[in-house]
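All values below come from the heavy atoms of this structure, side chains included, with hydrogens, waters and symmetry mates left out. From a predicted model like this one, the values you see are computed outputs, not experimental measurements. To find a chain, count down the sequence lines: A is the first, B the second, and so on, and within it residues start at 1.
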Amino acid sequence: MSKTLEMNEPDTRNRLDDMAGRNVGAPMDRPDGPAKVAGAAPYAAEYVIDNVAEGVLVTAPFARGTITSIDERSITGMDGVIAVISDERLTARPAQGTANETPVQTPLSIAYFGQPFALVVAETFEQARNAAKALKFDYSADDPSEIPFDPEAVEAEENDATRQGDLDKAMADAAHSVDITYYTEGHASAAMEPHAAIAEWDGERLTVHASLQMPNYNITELADSLNLEEDNIRILSRYVGGGFGSKLGVSQETVAASIAAMKLGRPVRVVMSRQQVFQTVMRRSETKQRLRLAADKDGRLTGFGHEALVSNLPEEDFAEPVTQASAFLYPGKDRELLIEVARIHRMTAGSVRAPGEAVGMQTLEAAMDELAEKLELDPVELRLRNIPDEHPASGLPYSSRKMEEALKQGAEAFGWHSGPRKPRQKREGEWWIGTGMATAARIHNVGEAEARVTLNGDGTVLVETDMTDIGTGTYSILTQIAADMLGVEPAKVLVDLGDTNHPRGPGSGGSWGAASSGSSVFIACEAVRKAIAEKLGVEEADLELSGGTAKGGGQEKLLSELAGNEGIAKTGTFKPGDAQDDYAMASYGAFFSEVAVNRWTGEARVRRMLGAFGFGRVLNAKTARSQCIGGMTWCIGAALTESLLFDPVDGHVVNCDLAEYHVPVHRDVPHLDVLMIEERDPAASPIQAKGVGELGICGGAGAIANAIYNACGARLYEFPMTPDRIIAAMPED
Amino acid sequence: MKPFAYLRPDSLTHASQLTEEPSAIPIAGGTNLLDLMKLQVETPESLIDVNKLSLSEIGDEGEGLRIGALATNTATAAHPRVRSDYPVLARAILAGATQQLRNKATTAGNLCQRTRCYYFTNIDQPCNKREPGSGCGALDGIARLHAILGASSQCIATYPGDMAVAMAALGAEVEIMNAGGETTRVPLEDFHRLPGDTPEKDNILESGDIITGVILPAPVKGVQLYRKVRERSSYAFALCSVAAIVNMEEGRIGDIALAFGGLAHKPWRDKRVEEALKGTEPSLKGFDEAAEILLEDAQGYGENDFKIPLTRRTLKAVLCEATGMDT
C-alpha cells in the first residue's frame with residue numbers, strides 16, 4: 001500500500017518535467033489564499049470551542065533565582081478566576097527545533113527575565129490577564145550584578161571547530177589579507193501571529209490546536225512534557241501566521257494549555273501577549289565574529305578563518321551555527337572555523353530565520369568586499385575566482401551549484417558596473433548613492449517525510465500529511481505536484497495539512513519542507529500511478545495521465561472509473577540516504593543592492609535590490625518568489641534596523657513589541673527583483689528541488705553594508721547599521 | 001486590564017465633572033491609552049469617552065485656524081488650510097504613526113500621548129513617571145530614545161509626538177476648559193512641562209481640565225519643513241526631529257521658528273537659537289554656531305549620546321534646505 005524511496009543516489013529522471021499538466025513551476029495562486037484574505041482560515045487561537053477558559057502565563061520579574069511560593073488565595077476572590085496552574089510539568093523554555101523531547105521544565109527555577117512559571121485561568125481573557133498581574137508570589141532572586149548577561153564577560157565553551165593547515169602562516173604569507181571583527185545584535189523571529197494554543201481533554205485524549213511548525217516533533221515533545229502517550233495526543237496546526245523558527249519546538253503556552261485542560265476538564269486557550277513572545281520564545285543570539293581571509297595576488301583564497309562567539313542559556317545544546325556556509329562556500333586550504341558559546345541569562349537562543357548563514361554570510365560578504373578593495377578587484381570577480389572545485393574540508397563533490405550563474409546573471413540584470421570602485425562617487429542632493437553585492441548560500445537539508453495520496457472515486461485527489469504551511473506555500477506546491485503526477489486539474493486536489501493523525505512529515509524549518517514533503521507526495525503519487533497502470537494492464541512508465549484520464553496500451557479510461565468506489569490510497573515515504581552524504585549540497589545566489597545614505601543624518605535607505613537564486617527546481621514561481629522577497633526584506637532588517645536590546649542591569653528584553661523592535665515596514669522595502677535560475681539538483685531530492693525559504697536572508701545584509709561603504713565611505717563593523725553608527729563612521733566632508 | 005467604569009458624557013460640563021475624579025481618564029481615539037491599559041501602565045477607575053462632544057471641527061479663527069480637540073490627525077493633515085498655510089503641521093502629522101492610527105488619533109489625545117520610554121511601559125521596571133519614587137530604570141539602562149535636554153535625575157523620558165513639535169514652531173495655543181467652566185489659552189510650548197521632581201505630570205492639565213482645541217495664529221511667510229530622523233522610515237518615533245519655519249529676506253534669514261522633537265520631555269523651542277540665526281546670511285559656520293547654542297547644556301546618558309551630533313547635523317540639514325543653501 002505504500003512506497004518508500006531512500007535517496008541513496010541522485011535521481012536524474014526529472015519525472016516532473018515529463019508530466020503533461022505543467023503545473024509544477026507555474027506561478028499558481030495559493031489555494032489557501034482566498035480563505036486567508038477573507039479571514040476564513042482559522043489560526044490556532046481562532047477556533048470556536050464551547051466552554052473554553054482563558055489562560056494567561058505569569059512570568060518572573062527577575063533573571064535568575066527561585067519562585068519559593070505562589071499565593072493562589074491572592075486572586076481566588078477575583079471575578080472569573082478559575083484556577084492557578086502551578087505544575088512541575090510546565091515548561092520553562094521553548095523546545096529547540098527537532099528536539100523530540102521536552103524542553104527544560106523546572107518552572108520555579110528561573111533562568112531568564114520573563115520566564116513563565118504559572119498559568120492563571122479565568123472565564124474571560126481580560127479577567128485572566130488582570131488576575132495574572134495580581135497574583136502574589138514569593139521568590140528569592142540572585143543579585144543581578146552576579147548574573148552573567150554579557151557574552152564577552154564570561155569564559156566561553158568551544159562548541160564546534162574545524163582546523164586544517166596553518167591559517168596564521170597563510171595570513172602571514174598572503175599577498176592580500178583582511179582580519180576583521182564584526183558584531184551582530186540579537187534578533188527576534190517577530191512572527192505576526194503570537195504563540196497560541198487551545199487544548200481539549202476528553203479524559204483520555206488530548207486535542208491541541210496550536211501554532212507550530214513541526215507537529216511531528218511537537219507531538220513527541222508535548223507527550224514527553226505531559227507524561228502522556230503520543231497515541232493519546234492530536235496536534236492540529238493547519239494555518240500558521242509566521243514561524244521564522246520560533247515555532248519549531250513546542251513552547252510554553254501549548255504545554256500550559258494542555259496541563260490546564262487536563263486538570264480542569266474543560267478546554268483552555270493560552271495566547272501569549274506580544275511582550276511575552278519577545279521575552280520567552282527563541283531569540284537569535286548576538287554574535288561576535290572574526291573573519292580572516294588570506295588571498296594570493298590574483299585574489300584566490302589561500303586561508304580562511306571564521307570564528308564566532310554566540311550565547312545561550314545553560315543546558316541548551318543549540319549554538320547559532322554562524323560558520324555553516326563558511327564551511328563549504330569558498331576555498332582556502334588553511335582553514336579555521338570555530339564557534340564558542342557563552343552561557344548567559346538572556347532567554348533561550350535558538351533557530352531564527354536561517355540560523356547560521358543569516359548572520360554568518362553577511363559578515364563574510366562584508367569582509368570579502370574589503371578584500372576586493374585591497375585587491376582592486378571587482379567584488380563579483382573576486383567571488384567568481386573563489387568557487388571551489390570540491391568541498392574545501394571534506395573533499396566531497398558539490399551537487400548542482402548555480403553560484404557562477406547567479407553572480408553573472410544577477411550582475412547583468414542589476415546593471416552592475418564592474419569597473420574600479422571607489423566610495424563617495426555619486427550624490428543626489430543630501431544622499432550619497434552606492435552599490436554593493438554579496439554571495440548567497442544556504443545549506444540544503446532534507447528530513448524523512450510521509451504523505452498519503454488518495455485518488456477518489458469522483459476523480460478528486462486528497463493529499464494528507466502533518467506537514468505545515470507557515471505562509472511558505474506548502475498548500476500550493478503539494479497541490480501542483482499531485483495535480484501533475486496524477487493528471488488532474490489543481491482545483492481537483494485537496495491538500496489537508498497540519499494534523500498529526502495524518503502521515504508525518506518533517507514540518508517547516510531549515511527550508512527543508514518543500515523538498516522533503518514534496519518528495520513524499522511525489523513518491524505516493526508514483527505508487528498511485530503504479531496502481532492505475534496495473535488496473536489498465538500497462539507499465540507505469542507507459543502511462544499517460546492528463547485531464548482526468550489515463551492512457552496506455554491503446555486504452556483510455558477516466559481516473560474516476562479506475563479509482564472505483566473505494567478509491568486508490570497510497571502512502572509515500574521519502575528517506576534521506578547516501579546521496580545526502582556523498583555531496584555537498586546547498587542553494588546559492590547573489591545579491592545586488594543600491595543604497596542611499598543621508599550625508600547629514602546617516603539614515604540609510606535601500607533604493608533597489610536584486611537577488612539571483614538557484615535552488616533546484618522551482619515548484620511554484622509565485623510562492624518561491626515571495627519567499628525570496630521575504631528573505632531580502634529580512635536582509636534590510638538585519639542590515640539597518642533589527643536589534644534586540646537587553647537591559648544591562650537586570651537582563652530583560654527592553655524593546656519587546658513591534659513598535660520598538662524594528663522590522664522593516666513597507667516604506668523601507670523598495671522594489672525587489674528576484675531572478676530564479678533554472679536548475680535541477682538530482683542529488684537534492686527526487687523532485688530535484690532544494691530549499692529556498694531562507695536563501696534570501698543569507699548574505700543580503702552584507703550587500704547592503706557594502707553599498708553603504710560604496711555610497712558614503714563608512715565601513716561599519718556592527719549590525720544593524722543605524723544612523724548613529726553611520727554618522728560615527730562616516731568621513732567628514 | 002483592570003475593570004473600569006465607562007462613561008460617555010454629552011456635554012463639556014459633564015465631561016469636566018467626571019474627569020475631576022482622580023482616577024478618571026478621558027479617552028478619544030484610544031490609540032495610546034488602550035495599549036497602556038492592557039499593560040496596566042494606566043489603570044483608570046473610569047474612562048470618560050469624550051467622543052460625543054462636538055469638538056472635531058476645523059475652521060477659521062480670525063486669520064488663524066482653530067483645530068478641534070477631537071479632529072483626527074488624518075483630518076487635520078488633509079485640511080486644505082493646513083496644507084496651504086501650515087504645511088509644517090501636515091508634514092509632522094504624516095511623519096507620525098500609521099494611516100490607521102492617524103485615522104483614530106485626535107488633536108488632544110496626541111498632545112497627551114505618553115512617553116515611549118521602555119521602562120515606563122514595563123510595570124516590572126522602576127519608573128518615577130509611572131510610580132513616583134520607584135526610581136528610573138533608564139538612567140542605567142537602555143536610554144536610546146531618551147532626552148538630552150531638560151531632563152532631571154528623576155526622569156529622562158521624551159515626549160514622543162510629532163504634531164506638537166510643529167505646533168510649537170507655529171506658536172500655537174492650547175485651549176483648555178477648566179472644572180469651573182472657564183476657558184483659557186496656553187501657549188503650546190508651555191503646555192508640556194519638564195520632568196523636574198514630578199515626572200508623573202506630563203503637562204499642565206489639572207483635574208477637571210478638558211482640552212477643547214488648538215489655535216494656530218495667522219500664517220507666516222517662509223519655507224516650512226519637518227524633518228524626522230529614525231532608522232526605519234515609517235512607524236517609528238523620532239530619534240530627533242526638527243520643525244522649521246524660515247523666511248528669507250534678500251539673502252538673509254528673516255523670521256525664523258525652530259522646534260525640536262525627540263530631545264526632551266516636551267517639544268523643545270529655544271528662541272536664542274532663532275535670534276542667533278535671524279539677520280544672518282546662511283552659512284554652515286552660522287548653523288554650527290546655532291547648534292552650539294541649542295546643545296550647550298545637552299547631556300547624553302550613554303545609549304543616547306549620539307543624539308547630540310545627530311541633532312547638530314539634522315539642524316544643519318534642515319537649515320540648508322530651508323535657506324536654499326547649496327552645499
Could you tell me which residues in residues 130-148 of chain B have at least one non-hydrogen atom under 4.5 Å from a non-hydrogen atom of chain A, sorted by residue number? B:G137, B:D140, B:G141, B:I142, B:R144, B:L145
Let's go through B:K2 and A:E126 carefully: what are the C-alpha distance in whole Å and the side-chain angles of both, what is the deciding distance for salt bridge (charged side-chain N to carboxylate O under 4.0 Å, His left out) to 0.1 Å, and is it a yes or a no? CA-CA 8 Å; B:K2 284 193 170 168; A:E126 288 78 8; over 6 Å; no
Consider side chain to side chain contact (heavy atoms under 4.5 Å, CB included). Of B:I256, B:I253, B:T280, B:V223, which one does B:T323 pass it with? B:I253
Quick one: what part of B:K307 sits under 4.5 Å from any heavy atom of chain A, side chain, backbone, both or neither? neither
A:D647 and B:Y119: CA distance, side-chain angles, deciding distance, side chain to side chain donor-acceptor pair (under 3.5 Å) verdict: CA-CA 10 Å; A:D647 183 84; B:Y119 298 84; 2.4 Å; yes
Measure distances from B:L284 to the heavy atoms of chain A and classify the residue's part below 4.5 Å as side chain, backbone, both or neither. side chain
Any non-hydrogen side-chain atom of B:P3 less than 4.5 Å from a side-chain atom of A:N130? yes
As an exercise: rank A:I636, A:V649, A:I727 by heavy-atom pairs under 4.5 Å with chain B and give me the winner. A:I727
Select one option (side chain, backbone, both, neither) describing which atoms of B:R227 are under 4.5 Å from chain A's heavy atoms. side chain
Could you tell me if the side chain of B:L258 sits less than 4.5 Å from the side chain of B:L277, heavy atoms only? yes
Answer yes or no: is there a side-chain heavy-atom contact under 4.5 Å between B:L7 and B:D49? no
Charged N to carboxylate O under 4.0 angstrom, A:R607 versus A:E428? yes
Contact class of B:C240 relative to chain A, heavy atoms under 4.5 angstrom: neither
Report which part of B:E303 has an atom under 4.5 Å of a heavy atom belonging to chain A: side chain, backbone, both, or neither. neither
Top residue by heavy-atom pair count (under 4.5 Å) with chain B, among A:R599, A:M721, A:M78, A:H662? A:H662
Given that the side chain runs from C-beta out, which part of A:L658 has a heavy atom under 4.5 Å from chain B: side chain, backbone, both or neither? backbone
Just so I understand: if I count every heavy-atom pair under 4.5 Å between each of A:T59, A:D657, A:D650 and chain B, which residue has the most? A:D650
Does any heavy atom of chain B fall under 4.5 Å from the side chain of A:H666, the backbone, both, or neither of them? neither
Does B:N32 reach the side chain of B:R116, with side-chain heavy atoms less than 4.5 Å apart? yes
Inspect the surroundings of NZ in B:K38 and state if more than 12 heavy atoms from other residues, nucleotides or ligands are less than 6.0 Å away. no
Between A:E286 and A:R283, does any side-chain N to carboxylate O distance fall below 4.0 Å? yes
Looking only at non-hydrogen atoms, find the nearest pair between A:W600 and B:R313 and report the distance. O-NE, 2.5 Å
Taking side chain as everything from C-beta outward and backbone as N, CA, C, O, which of these in A:F113 sits under 4.5 Å from a heavy atom of chain B? Side chain, backbone, both or neither. side chain
When the 4.5 angstrom heavy-atom criterion is applied to A:N598 and chain B, the contacting part is side chain
Under a 4.5 Å heavy-atom cutoff, which of B:I123, B:L39, B:L239 has the most pairs with chain A? B:L39
Which atoms of A:R605 are under 4.5 Å from chain B, going by heavy atoms: the side chain, the backbone, both sets, or neither? side chain
Answer yes or no: is there a side-chain heavy-atom contact under 4.5 Å between A:F125 and A:R269? no
Given a strict heavy-atom distance threshold of 4.5 Å, which part of A:Q127 is in contact with chain B: side chain, backbone, both, or neither? neither
Min side-chain heavy-atom separation B:V165-B:K228 under 4.5 Å: no
Is chain B contacted by the side chain of A:R427, its backbone, both, or neither, given a heavy-atom distance below 4.5 Å? side chain
Side chain proximity check, A:R64 to A:Y112, heavy atoms < 4.5 angstrom: no
